[in-house]
Number of protein chains: 2
Amino acid sequence: MELVPLLKNSLLFSGLNDADLASLAAITVRRSFAKGETLFSEGDEATGFYLLVSGHLKLCRVSSDGREKVLHFVRPGETFAEAAFFGDGRYPAESRALEAGEALFLPRQGFMNLMEKNPQFALNLVVSLSLSLRRFARQIEELTFADVASRLASFLIKRASEQSTSYNGITYLELGIKKGELAAQLGTAGETVSRTFRKLKEEGIIELDGRKVTVLNMDRLQQLATRQA
Amino acid sequence: MELVPLLKNSLLFSGLNDADLASLAAITVRRSFAKGETLFSEGDEATGFYLLVSGHLKLCRVSSDGREKVLHFVRPGETFAEAAFFGDGRYPAESRALEAGEALFLPRQGFMNLMEKNPQFALNLVVSLSLSLRRFARQIEELTFADVASRLASFLIKRASEQSTSYNGITYLELGIKKGELAAQLGTAGETVSRTFRKLKEEGIIELDGRKVTVLNMDRLQQLATRQA
DNA sequence: CGTCTTATTGATGGACTTCAATCTAGGTGG
DNA sequence: CCACCTAGATTGAAGTCCATCAATAAGACG
């Protein structure tokens with residue numbers, strides 16, 4: 001597949017004309033990866049950032065005893081590690097593949113040159129960084145104030161807003177990730193996620209079958225999500 | 001005082017020549033504030049960002065029942081709320097003054113114009129956003145993995161690296177904020193901070209007198225900070 | 001010197017982690 | 001086709017950390 005249409009998929013490169021996209025394509029390096037592969041680790045020297053074309057990735061911080069907190073799941077069309085090479089030149093998190101796929105690598109120096117020539121590149125990057133910052137601020141708030149039930153409810157609602165089908169006020173959605181990964185994103189243990197799901201079932205708010213979730217009472221789920229422990 | 005030298009204080013505007021600074025000064029609005037004043041609240045429409053000249057501010061998220069988590073303390077020379085007006089146009093946190101002072105307001109539209117004309121503005125902003133992102137990633141990690149003792153130790157070490165005097169391996173530092181504010185930054189309750197300080201005293205790691213801290217055993221403090229509960 | 005805010009301390013309960021055992025589902029090879 | 005294997009998920013029991021409530025103590029300040 002041609003590069004330019006792939007680049008267009010990203011929010012980060014919207015609003016660019018064909019000439020800009022061509023100069024972007026000129027510095028782009030394609031990189032495919034296998035399931036389970038680590039693209040980069042926390043602390044690695046950051047020589048550029050990425051745009052995910054296909055597959056599924058997570059960005060996470062890993063504690064010294066091996067537990068991990070997922071900062072963000074990356075889906076095709078999203079850029080990631082944009083923050084990386086402007087601070088101290090090291091990646092602040094680890095990137096690991098949940099499903100095999102392909103990413104486009106945008107080298108630091110080349111992209112810097114583009115930004116100097118065309119402010120639109122920099123403006124888009126600023127927008128993208130702002131969005132990440134907002135997401136992180138929200139995560140910090142949730143970790144500080146909200147209990148696991150509330151965070152799980154928030155997750156389900158977000159997931160429903162991304163992809164779900166509704167019928168008669170009942171919403172069907174897929175988790176899209178293993179429950180262990182979900183736990184790592186919520187900042188808790190897998191066991192706790194199990195127990196919390198069970199509580200939601202017992203209260204008649206959801207049904208659960210594997211990774212398939214049926215939301216029976218969206219109102220109460222919303223209440224849970226906003227109620228701050 | 002003249003505007004231009006004030007602007008120069010900020011990392012964000014380093015590397016700008018006099019002409020750039022002049023055009024920046026042209027769009028800058030001065031705003032002074034009293035102790036306890038709220039410059040903006042979470043969700044307010046964001047029409048620009050700020051550079052703190054004097055005084056002391058905190059940026060925080062407030063839960064529905066009034067508890068707050070301090071995301072960051074802002075000191076003179078720092079910019080804040082840069083993330084604000086590039087996302088959905090709302091401030092993602094609340095800004096409240098701990099000490100009276102003055103800030104420079106950089107309006108959105110004016111700054112956008114500058115960025116379009118001169119990429120250096122945008123590049124600096126990208127760097128600044130990246131640093132915030134890195135800080136947030138670290139906070140998320142700490143909230144997820146580290147207990148209060150570890151987070152407090154990290155805080156003391158950071159504080160020591162900013163401002164302290166050392167003699168014979170013993171380090172003297174000032175908290176610089178009330179313990180209640182410290183608790184809000186660590187994401188815990190004031191009572192827990194008290195108890196954790198006491199534990200550190202009982203173990204002979206620190207001495208405490210009001211806001212003055214004496215670190216007797218920096219090694220063990222480091223261990224506490226890195227050990228991920 | 002009283003008043004108001006901030007800090008400390010004790011007691012209690014709840015939420016979550018951890019360890020360990022069991023259960024389930026999906027994939028593989030005999 | 002089915003038994004087996006393994007990774008993931010669930011459940012139970014025990015213990016830890018922390019929040020909360022309530023009461024006291026200590027500073028700050030007019």
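Each chain gets a letter, A, B and so on, in the order its sequence line appears, and its residues count up from 1.
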Contact between K69(A) and F145(B) at the side-chain level, heavy atoms closer than 4.5 Å - yes or no? yes
Would you say the ring centroid of H56(A) lies under 6.0 angstrom from that of F73(A)? yes
Decide side chain to side chain donor-acceptor pair (under 3.5 Å) for E82(B) and T79(B); before the verdict, give the C-alpha distance in whole Å, the side-chain angles of both, and the deciding distance to 0.1 Å. CA-CA 7 Å; E82(B) 311 98 317; T79(B) 47; 2.8 Å; yes
Rounded interatomic separation in angstrom, taking CZ from R198(A) and P from dC23(C): 15 Å
If you define the side chain from C-beta out and look only at heavy atoms, does anything of M218(A) sit under 4.5 Å from Q223(A)? no
Is the distance from OP1 or OP2 of dA9(D) to the nearest side-chain N or O of K179(A) less than 4.0 Å? no
Between dT10(D) atom P and L182(A) atom CG, what is the distance in whole Å? 10 Å
Using 30° and 60° as the class limits, which term best fits the ring planes of F49(B) and F13(B): parallel, tilted or perpendicular? tilted
Between dA19(D), dT6(C), dC18(D), which nucleotide has the shortest distance from any of its atoms to the side chain of R151(B)? dC18(D)
Donor + acceptor pair across side chains of E78(A), H72(A) (<3.5 Å): yes
Below 4.0 angstrom from OP1 or OP2 of dT6(C), is there any side-chain N or O of R211(B)? no
Going by heavy atoms in the side chains, are V213(A) and Y172(A) under 4.5 Å from each other? no
Could you go over nucleotides 14-17 of chain D and give all protein N or O partners under 3.5 Å, atom names and distances?
none

Do you see a donor-acceptor pair shorter than 3.5 Å between the side chains of T171(A) and S164(A)? no
Classify the angle between the aromatic ring planes of Y91(B) and Y50(B) as parallel (below 30°), tilted (30 to 60°) or perpendicular (above 60°). tilted
Rounding to an integer number of Å, can you tell me how far E202(B) CD sits from dT8(C) P? 13 Å
Mind calculating the distance between CG (L208(A)) and C1' (dA9(D)) to the nearest angstrom? 10 Å
Can you find a heavy atom in the side chain of T165(B) that is under 4.5 Å from one in the side chain of L173(B)? no
I'd like to compare against my own output: the B/S/- annotation of nucleotides 24-30 of chain D with a strict under-4.0 Å heavy-atom distance to protein. -------
Figure out the NZ/P separation between K212(A) and dA9(D), and round it to whole Å. 14 Å
F197(B) CZ - dT8(C) C1' separation (whole Å): 13 Å
Hey, can you pull the residues of residues 183-195 of chain B with a non-hydrogen atom under 4.0 angstrom from DNA chain D? G187(B), T188(B), A189(B), E191(B), T192(B), R195(B)
Could you check how far CD of E181(A) sits from P of dA7(D), rounded to whole Å? 15 Å
Does either side chain, that of E142(B) or that of S154(B), offer a donor lying less than 3.5 Å from an acceptor on the other one? yes
From NZ of K199(A) across to P of dT11(D) the rounded distance in Å is 13 Å
